[in-house]
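Since the structure comes first, as structure tokens, the remarks are kept for the end.
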There are 2 protein chains.
Amino acid sequence: MTGITVLLVDDHLVVRSGLTALLGTQPDFDVVAEAASGEEAMDLVEHLSPAVVVMDLAMGAGMDGIEAIKQLRQRNRRQAILVFSTYDSDADIVRAVDAGAMGYLLKDAAPDEIFAAIRGAVQGKSVMSAPVASRLFQQLRNPAEVLTPREAELLSLLTEGLSNRQLGQRLFISEATVKTHLAHIYAKLGVETRTAAIATAIRREGMR
Amino acid sequence: MTGITVLLVDDHLVVRSGLTALLGTQPDFDVVAEAASGEEAMDLVEHLSPAVVVMDLAMGAGMDGIEAIKQLRQRNRRQAILVFSTYDSDADIVRAVDAGAMGYLLKDAAPDEIFAAIRGAVQGKSVMSAPVASRLFQQLRNPAEVLTPREAELLSLLTEGLSNRQLGQRLFISEATVKTHLAHIYAKLGVETRTAAIATAIRREGMR
DNA sequence: TGGTCTCTCAGCCTTTTGGCTGATGCTGCT
DNA sequence: AGCAGCATCAGCCAAAAGGCTGAGAGACCA
């Protein structure tokens, strides 16, 4: 029998070849293709139907990882999606899980951890790196302070320096709605102004 | 004869093995060791005296890349140091060059670019990715946009999320003066609002 | 000595932001 | 059916931020 078919998605060539080399040491893994962008990933999943997609969240230009996960889910594909990212910000984790990711690994994870996560993913198990799990755990203990996906999205745009009007235009909602979301975000972050929210987001949530 | 001896320094295992695999395709490269931290790199350079050190700037805990470069330089070693980083922030570039890096590559660079940079480095040539070179060039062309010490101080406090009043109290100046400084900062950074200034400061100047 | 830069401050006016209250439609859970 | 959470919107008011002009004091340099 052939092993677990894997598609790698990462815009950095060195990461792709590193991962390929790493997975190549295991007899039950079969890296069938590599994609450098979300768009490429769509095509390859369509044609190869890999059992697992290992995907970076940060993708230079075009479609980002979250968007790619969403689209793969919408196409009703059966493959498990594993996020393989450098950062463990709350927002990224929430959005990735929300989009339909099966697991969340950090790039400094040990090889065994990566192998286990992939094997678990095909069996429907959720595996994540310890820091990621810890963050999720914290969020469960403090549900009042967890940003909703929409709020996280807004906060992310906020850190780009947009005004309420620009935020509204970017998200196709009214300025009033933007203000409502912001008020909720401030309350959850425990701040009073947008600048403090940005400072908190960048330092605490790891956004940039 | 043996080829160009290379030491890889990166806290991510996949990046190290990817780079090793990549450099292994070239007959004239010889990756003699890999280090996962700045401290490890010190030791290995001491014992192996590689011709080139390829180093990531962001290193999880302990010594960061910049610090490692500085210390290697201070020990009067002959090896060329190449930065291999994900980001191209002005601050990172300036600090790396200042610390004594021979070149600056981005992680999405093409293999040929990486090979050429390493071969160039041993011959004393400076090689950097196009976006990096472009940023350095821009800085040379526009020395007028440098913040004054006071402005930089204000900008730094701004990224902590303070209001104009708080800034004034912290710096023992009136709110009017704060607004004047801010106006100058906005002009120099090419932004219109404080939130955009914070975003720019964090991404371009590397403040955090 | 005169010019330039930096830091300091003021007043006036417009735009933006934030606080508050209340309301609607949708979804998911019970 | 009912309730809770989420996302959407409106209006009103106060506070904060930003644009503009002008100006004085001290430092540095030609």
Side-chain angles (χ1 to χ4, degrees), chain A residues 66 70 73-74 90-91 93-100 136 139-202, chain B residues 142-202:
Chain A
I66 299 282
K70 277 187 195 162
R73 284 284 84 133
Q74 280 172 1
D90 289 350
I93 298 172
V94 168
R95 290 172 65 209
V97 171
D98 196 59
L136 273 185
Q139 295 203 333
L140 287 180
R141 280 197 336 174
N142 246 338
E145 289 176 11
V146 179
L147 298 181
T148 69
R150 194 56 157 174
E151 285 163 358
E153 195 179 358
L154 222 134
L155 182 56
S156 161
L157 287 176
L158 199 62
T159 64
E160 290 179 16
L162 303 185
S163 69
N164 288 350
R165 180 165 312 181
Q166 290 172 315
L167 289 171
Q169 289 170 347
R170 191 76 83 84
L171 298 175
F172 305 106
I173 57 180
S174 79
E175 222 176 309
T177 306
V178 171
K179 290 171 85 173
T180 304
H181 284 309
L182 285 180
H184 293 158
I185 291 174
Y186 297 161
K188 289 180 180 177
L189 294 185
V191 300
E192 314 233 300
T193 67
R194 73 166 45 207
T195 52
I198 295 178
T200 303
I202 288 166
Chain B
N142 251 336
E145 288 177 9
V146 177
L147 299 180
T148 68
R150 193 60 158 173
E151 285 163 359
E153 194 180 358
L154 226 135
L155 182 57
S156 164
L157 288 176
L158 199 61
T159 63
E160 290 179 17
L162 303 186
S163 68
N164 288 349
R165 179 164 314 180
Q166 291 172 312
L167 289 172
Q169 288 169 349
R170 192 75 83 86
L171 298 175
F172 304 105
I173 57 181
S174 80
E175 218 176 312
T177 306
V178 170
K179 290 170 89 171
T180 305
H181 283 309
L182 286 180
H184 293 158
I185 292 174
Y186 299 161
K188 288 181 180 178
L189 293 185
V191 300
E192 316 231 299
T193 66
R194 75 166 42 207
T195 53
I198 294 176
T200 303
I202 287 164

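Residue numbers start from 1 in every chain, and the chains themselves are labelled A, B, ... in the order their sequence lines are given, proteins ahead of strands.
Across all their heavy atoms, A:L162 and B:T195 have their closest contact at O-OG1, 4.2 Å. The minimum heavy-atom distance linking B:T159 with A:A199 is given by the pair O-CB, 3.3 Å. The two atoms that bring B:V191 and B:A196 nearest to each other are CB-CB, 3.8 Å, heavy atoms only.
In this structure, CD in A:E153 is found 10.0 Å from CD1 in A:I66, a value given to the nearest 0.5 Å. The CG atom of A:L182 sits 10.0 Å away from atom CD of A:E175, with the distance rounded to the nearest 0.5 Å.
Counting any heavy atom pair closer than 4.0 Å across all strands shown, A:S163 reaches sugar-phosphate atoms only and no base atom. Backbone-only contact: A:E192 has heavy atoms under 4.0 Å from sugar-phosphate atoms and none from a base. As judged by a 4.0 angstrom heavy-atom cut-off over every strand, A:T180 is placed among the base-contacting residues.
At the phosphate of D:dA7, OP1 or OP2 sits under 4.0 Å from a side-chain N or O atom of A:T148. B:R194 has a side-chain polar atom (N or O) that falls below the 4.0 Å cut-off from OP1 or OP2 of D:dA17.
As rounded to whole Å, 13 Å separates atom P of D:dG18 from atom CG of B:L189. Note: CD (A:Q166) to C1' (C:dT16) measures 12 Å, nearest angstrom. The NZ atom of B:K179 sits 11 Å away from the P atom of D:dA16 (whole-angstrom rounding). A straight line from CD of B:E175 to C1' of C:dT8 spans 15 Å, rounded to a whole angstrom. Remark: C1' of D:dG18 and CG of B:N164 are 9 Å apart, rounded to the nearest angstrom. Rounded to an integer number of Å, the gap from NE2 of B:H184 to P of D:dG18 is 14 Å. Spacing between atom CG of B:L154 and atom C1' of D:dA17 amounts to 14 Å, rounded to whole angstrom units. For the pair A:L162 CG and C:dT16 C1', the interatomic distance rounds to 14 Å; values are reported in whole Å.
Closest contact between the side chain of A:R165 and the listed nucleotides C:dC7, D:dG18, C:dT16 involves C:dT16. Of the candidate nucleotides D:dC9, D:dG18, D:dT8, D:dG18 has the atom nearest to the side chain of B:Y186. In the set D:dG18, C:dC9, D:dA7, C:dC9 carries the atom at the smallest distance from any side-chain atom of B:T177. Counting only heavy atoms from C-beta on, B:R150 has its side chain closest to C:dT8 among C:dT8, C:dG18, D:dG18. Closest to the A:L182 side chain, of the nucleotides D:dT8, D:dC6, C:dG18, is C:dG18. Side-chain proximity of A:A176 to the nucleotides D:dG18, D:dC9, D:dA7 is greatest for D:dC9.
Side-chain atoms of B:Q169 never come within 3.5 Å of backbone atoms of B:Q166 as a donor-acceptor pair (strictly under, hydrogens ignored). A donor-acceptor pair is defined here as one N or O able to donate and one able to accept, closer than 3.5 Å; no such pair exists between the side chain of A:S156 and the backbone of A:A152.
A donor and an acceptor atom, one from each side chain of B:T177 and B:S174, are located under 3.5 Å apart.
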**OP:** Applying side chain to side chain contact (heavy atoms under 4.5 Å, CB included), run through A:K188 and A:T148 and close with a yes or a no.
**Re:** CA-CA 10 Å; A:K188 289 180 180 177; A:T148 69; 3.8 Å; yes

**OP:** Using the side chain to side chain contact (heavy atoms under 4.5 Å, CB included) rule, take A:L171 and A:L154 through it: C-alpha gap first, then chi angles, then the decisive distance, then the call.
**Re:** CA-CA 8 Å; A:L171 298 175; A:L154 222 134; 3.8 Å; yes

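When the nearest nucleotides of DNA chain C are assigned to B:H181 and A:V191 by heavy-atom distance, the more 5′-ward of the two goes with B:H181.
Helix-axis bend for the helix from C:dT1-D:dA30 to C:dT30-D:dA1: the local axis fitted to the five terminal pairs at one end deviates from that at the other end by 40°, rounded to 10°.
The stretch residues 167-174 of chain B touches DNA chain C through B:I173, B:S174, each having a heavy atom under 4.0 angstrom from the strand.
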